[in-house]
Each structure stands twice: as structure tokens, then as C-alpha cells.
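I have placed the structure first, in the form of C-alpha cells, so that the comments after it can refer back to it.
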Amino acid sequence: MATEQPFLPFLPVLLGSDMNAYGMARAFYEAYGIKPLVLGRSHLTATQDSHILQFQEIDRLNEQDVFAPALAQVAKQYADKKLLLLACGDDYAKLIIKNKPALQEHFTVPYIDESLMDEILLKENFYKMCDKYDFKYPGTTTVTADNYDNFTPPFEYPIILKASNSVEYWACKFPGKKKVFVAHDEAEKTAILKAIYSSSYQDTMIIQEFIPGDDSYMRVLNAYVGKDGKVKLMCLGNPILEEHSPEGIGSYAAIVTTYDKELMDQVRFFLEDIGYTGFANFDMKYDIRDKQYKLFEINLRNGRSSYYVTASGHNLMKYVADDHMLNIEQEVTYVEDKHLWMVIPKGVLFKYASNEKLKLEAKKLISEGKYTNSLYYNEDMNTKRWVKLTLNNLNYYRKYKKYFNNKGLSE
């Protein structure tokens with residue numbers, strides 16, 4: 001519950017209007033009673049009819065020629081406050097980092113520099129880093145618009161296909177588009193690549209070995225690294241179920257917090273050794289064949305589902321604000337508190353999740369009151385919002401019925 005707070009001379013500015021933006025706004029409101037400013041290209045259901053945030057629509061905000069001038073204008077509007085700038089998605093995180101020197105004239109920008117971003121995001125560099133720090137990863141290769149006709153993957157089917165340039169891919173359109181594809185044979189692989197390269201997307205595609213196992217073999221780790229370069233918070237999540245609609249594949253729908261000190265120590269050493277600061281989000285999958293975690297990617301922001309960290313009792317947004325805006329010293333915390341986070345109805349969770357052990361754990365946490373749907377916040381509920389969220393919830397039943405398969409074909 002948000003308590004009465006003394007006046008705080010800072011304002012969080014969140015870029016994006018999705019579920020992550022709402023979770024971040026809720027975390028700030030719970031910690032400080034602040035209503036963050038949320039900037040987005042359109043007003044999505046998650047942040048609509050909310051009284052814990054201020055929304056401002058800015059068309060084409062994710063385009064470079066609009067981005068910097070728009071934020072300079074926002075800074076003028078709130079010249080009396082210290083502004084903390086945070087991204088809710090990959091495209092905004094990259095834009096913040098690319099424009100960091102100019103943005104720092106008006107905003108506190110808790111993100112790495114562009115040179116380190118290029119090291120982490122360029123796949124050839126990323127896998128070299130993985131080798132150096134002993135992170136295992138799936139067998140991976142790439143294909144381009146020039147060579148996809150004659151491409152043969154160097155590993156067995158099924159294979160995973162996903163765009164290297166997520167920002168460009170998000171902007172393209174073609175029939176049957178999905179966030180991540182699974183090809184079971186040569187014909188399916190060829191058809192997928194032909195469809196993609198017939199669209200405006202002409203950048204590299206990443207082809208990966210498929211790691212067996214259903215959604216519950218995934219792991220997600222959110223970390224916050226302070227301005228002093230030291231890790232302050234780490235929280236590991238075990239997804240029970242992912243979204244399975246074409247646009248949602250790879251997005252977590254329900255997570256139970258878990259703990260693995262050895263993995264957390266490894267990630268902590270990596271982040272501190274490369275000079276990382278700010279939020280980091282790791283997606284990986286446990287491979288039963290060799291009992292190793294296989295790292296898929298590092299996101300230079302908190303994850304879309306990162307409210308699971310705050311729900312566990314460790315407010316992720318409080319870490320960045322206490323550090324950068326209030327100069328409060330922090331010790332490192334590895335979260336061990338058990339909690340269930342979800343954005344789907346319980347009926348969907350228990351019908352479609354297949355890991356019986358995790359389902360029992362989820363039921364136990366629900367019975368103990370240790371569960372949270374980040375979109376349903378009692379202090380921010382009104383008739384309009386309740387109706388929209390309820391319709392959104394009902395839609396999950398339809399989407400899972402239409403798209404769900406249980407062959408472990410997640411990212």
C-alpha cells in the first residue's frame with residue numbers, strides 16, 4: 001500500500017505503455033506515492049484508466065528524428081523536477097543509450113554507454129563474452145536475405161528462428177508473423193524465411209538449436225547494478241507458463257520466484273567485470289541433456305514480467321530511485337522469498353501448465369496469499385479499468401485454446 005510520503009523532487013519518466021510500464025508505475029507508486037509520467041505511441045489496455053500514472057501520447061516516439069526533440073520538450077514541461085528516464089522495451093532502451101550524452105543534460109539516465117551495448121547486443125561479440133564467462137548457449141548460426149535460399153542449418157530439426165534486429169522486425173508485416181518461429185523440417189524452414197524476407201525486414205535472422213522441454217524449463221533473471229558498478233539486487237524466476245499467441249510467444253505469463261546461488265554468483269561476476277550499470281534481464285533455458293542453463297539473450301532493461309521481483313517483496317524501482325535520485329547506499333540482495341506472479345487467470349494457468357510440481361507450488365502460494373497479478377491493483381481499480389481488465393482476462397481463455405501446444409516449442 002502506498003503511504004503518505006514527503007515531497008520528492010523527482011519524477012520517473014517511463015517510455016512505453018504496456019504491461020511492463022504499468023508494473024513499473026505501480027512499483028514507483030507503492031514505494032513513494034509518485035505518479036510516473038508514461039510516454040507512449042498509443043495507450044494500451046495495461047495503462048488505460050489508471051490513477052497511479054500520467055499518460056502522454058507521442059506519435060512515432062520510437063523513431064530517432066522524433067525521440068530526442070520530444071524528450072527535450074518533456075524536460076521543459078517538468079523543469080522543476082529531477083527526471084529519471086527508464087525504458088519499458090528494447091527499442092526505447094536502445095534509443096536512450098544511443099542518445100545518452102544529449103539526454104543527460106535533462107534526465108538521469110541509468111543505462112550503459114553505446115560501446116558496451118554494441119559488445120553485448122552484436123551476436124558475434126555476445127557469444128565471445130559467453131565463452132569468456134562460461135555461459136553455455138544453444139547452438140547458433142545466422143542467415144541473411146542473400147543466402148537464405150541455399151541455407152542448411154548445422155544442427156538437427158526442430159530449429160528456432162528469430163530476428164537479430166528486434167526493432168526492425170517489430171516494424172515489418174507479413175502473413176503468419178510470429179515473434180519466434182519453430183521449423184520442424186527443411187520445407188517449413190524455407191517457407192518461414194521466404195515469408196520474412198518478402199517483407200520489409202532484410203536484416204539477419206538467428207537460427208538456433210532447439211532446447212527440449214516445456215515452458216517450465218525456462219528461467220528469467222532480473223538484476224539491478226548500482227551506479228558504483230556493484231550488483232544490488234538479483235531475482236531469479238521460474239516461468240510456469242508463457243504466452244502462446246503469435247505476437248506473445250516468449251513472453252512469460254506466470255512465474256514463481258526461485259533461487260540458485262551458483263547461477264546468481266556467475267551473473268554477478270559477469271556484470272561487475274564488464275562494467276555494467278542499471279537493469280539487466282537474462283533469458284535462459286535449463287537443458288536436461290547436460291544439466292546446464294543455456295543463455296538466450298541479455299536485455300539492457302528490466303524484463304516485461306519484472307514486476308515479479310517487486311511482488312516478491314523487493315521493489316525493483318525503489319533500487320534505481322534510491323540509488324540515483326536519493327543517494328541511499330544499498331547492499332547486495334539475492335531474493336529467496338517465494339511468490340507467484342501472473343497476468344493470466346488462474347483457470348488458464350492450471351489448465352495449460354504442465355509441470356505438476358510447479359502447479360502444486362503455485363496452488364500453495366495462492367492459498368497463502370503469496371500471489372500477484374500486476375495489472376490488478378486495488379488502489380487503482382475503477383469500473384472502466386475493471387471491465388477492460390476482465391475482458392482482457394477472458395480473451396486469454398480464447399487465445400490459449402486457439403494457439404497452445406505443449407511440445408515445449410517455446411523460445
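Excluded from the calculations below are hydrogen atoms, water molecules and symmetry mates; all remaining heavy atoms, backbone and side chain alike, are included. In this chain, numbering begins with 1 at the start of the sequence shown.
- In terms of modelled atom types and a separation under 3.5 Å, the side chain of K359 and the main chain of A353 share a donor-acceptor contact.
- For residues 108-145, the pairs satisfying ring-ring contact (aromatic ring centres under 6.0 Å, His included) are Y127-Y137, Y133-F270, F135-F270, with sequence neighbours left out.
- A distance-only check finds a donor-acceptor pair linking the side chain of R385 to the backbone of A46 [under 3.5 Å].
- The distance from the CG atom of L326 to the NZ atom of K318 is 8.0 Å, given to the nearest 0.5 Å.
- Within the cation-pi definition used here (under 6.0 Å to the ring centroid, within 45° of the axis), K177 qualifies as a partner of Y169.
- With L39 as the partner, the side chain to side chain contact (heavy atoms under 4.5 Å, CB included) test is satisfied by one option alone out of Q54, Q56, E57: Q56.
- For the residue pair S305/W341, the side-chain donor-acceptor check at 3.5 Å is not satisfied.
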Decide yes or no on side chain to side chain donor-acceptor pair (under 3.5 Å) for Y157 and K189, but give the supporting numbers first. CA-CA 9 Å; Y157 287 98; K189 176 267 298 178; 4.5 Å; no
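- Note on residues 106-116: pairs passing salt bridge (charged side-chain N to carboxylate O under 4.0 Å, His left out), not counting sequence neighbours, are K98-E114, K100-D113.
- Not a single donor-acceptor pair under 3.5 Å links the side chain of D287 to the backbone N or O of I211.
- Side-chain atoms of K351 never come within 3.5 Å of backbone atoms of Y397 as a donor-acceptor pair (strictly under, hydrogens ignored).
- Looking at N302, its side chain never comes within 3.5 Å of a backbone N or O of N281 through a donor-acceptor pair.
- The CG atom of N299 sits 13.5 Å away from the CZ atom of F279 when rounded to the nearest 0.5 Å.
- Side chain of N99 to main chain of A102: no donor-acceptor pair is present (N/O by atom type, distance under 3.5 Å, no hydrogens or angles).
- Under the ring pair (Phe, Tyr, Trp, His ring centres under 6.0 Å) criterion, F151 pairs with no residue, sequence neighbours left out.
- Ionic pairing of D337 and K370 is not present here: no N-O contact between side-chain nitrogen and carboxylate oxygen is shorter than 4.0 angstrom.
- Taking NZ from K232 and OH from Y319, the interatomic distance works out to 10.0 Å, rounded to the nearest 0.5 Å.
- Judged purely by distance below 3.5 Å, without hydrogens or angles, the side chains of D380 and S50 pair a donor atom with an acceptor atom.
- The side-chain contact (heavy atoms from CB on, under 4.5 Å) search around L121 returns K94, M117, L300, not counting sequence neighbours.
- With respect to E361 and K357, no salt bridge is recorded, no charged nitrogen being found less than 4.0 Å from a carboxylate O.
- When only modelled atom types and interatomic distance are considered, T258 and N238 share no side-chain donor-acceptor pair under 3.5 Å.
- Note that the CD atom of Q77 and the CG atom of L11 stand 10.5 Å from one another [nearest 0.5 Å].
- Of the candidates D273, V225, V231, V231 is the only one forming a side chain to side chain contact (heavy atoms under 4.5 Å, CB included) with R268.
- To the nearest 0.5 Å, the span separating OH on Y252 from CG on D215 amounts to 9.0 Å.
- Remark: E368 pairs with K364 by the side chain to side chain donor-acceptor pair (under 3.5 Å) rule, at least two apart or across chains.
- Between N222 and S306, the side chains place no donor N or O within less than 3.5 Å of an acceptor N or O (distance only, hydrogens not considered).
- Proximity of Y224 to D323: side-chain heavy atoms (C-beta onward) are separated by under 4.5 Å at one or more points.
- Under a 3.5 Å cut-off, the side chain of Y197 and the backbone N or O of S200 do not form any donor-acceptor pair.
- Applying the side chain to side chain contact (heavy atoms under 4.5 Å, CB included) test between K346 and each of N373, L340, I366 identifies I366 as the sole match.
- Annotation: ring pair (Phe, Tyr, Trp, His ring centres under 6.0 Å) contacts of Y334 (sequence neighbours excluded): none.
- Between E243 and R304 there is a salt bridge, with a side-chain nitrogen of the basic residue lying less than 4.0 Å from a carboxylate oxygen of the acidic one.
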Steps toward salt bridge (charged side-chain N to carboxylate O under 4.0 Å, His left out) verdict (R41, D91): CA-CA 12 Å; R41 304 190 299 280; D91 51 353; 3.6 Å; yes
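- Checked by atom type and distance alone, the side chain of D283 never pairs as donor or acceptor with a backbone atom of F296 at under 3.5 Å.
- Separation of atoms CD1 (I240) and CD1 (I255) is listed at 9.0 Å; rounding is to 0.5 Å.
- Geometric assessment of K363 against the ring of F350 yields a positive cation-pi assignment under the 6.0 Å and 45° thresholds.
- The backbone N or O of Y286 sits nowhere less than 3.5 Å from a side-chain atom of Q292 that would complete a donor-acceptor pair.
- In the model, K227 has a side-chain atom that pairs as donor or acceptor with a side-chain atom of N327 under 3.5 Å.
- Between D134 and K132 there is no salt bridge, since no side-chain N of the basic residue sits under 4.0 Å from a carboxylate O of the acidic one.
- Between the K399 side chain and the S245 main chain, no donor and acceptor come within less than 3.5 Å of each other.
- A 6.0 Å sphere centred on OH of Y396 holds more than 12 heavy atoms belonging to other residues, nucleotides or ligands.
- Using a cutoff of 4.0 Å between basic side-chain nitrogens and carboxylate oxygens, E209 and K294 are not scored as salt-bridged.
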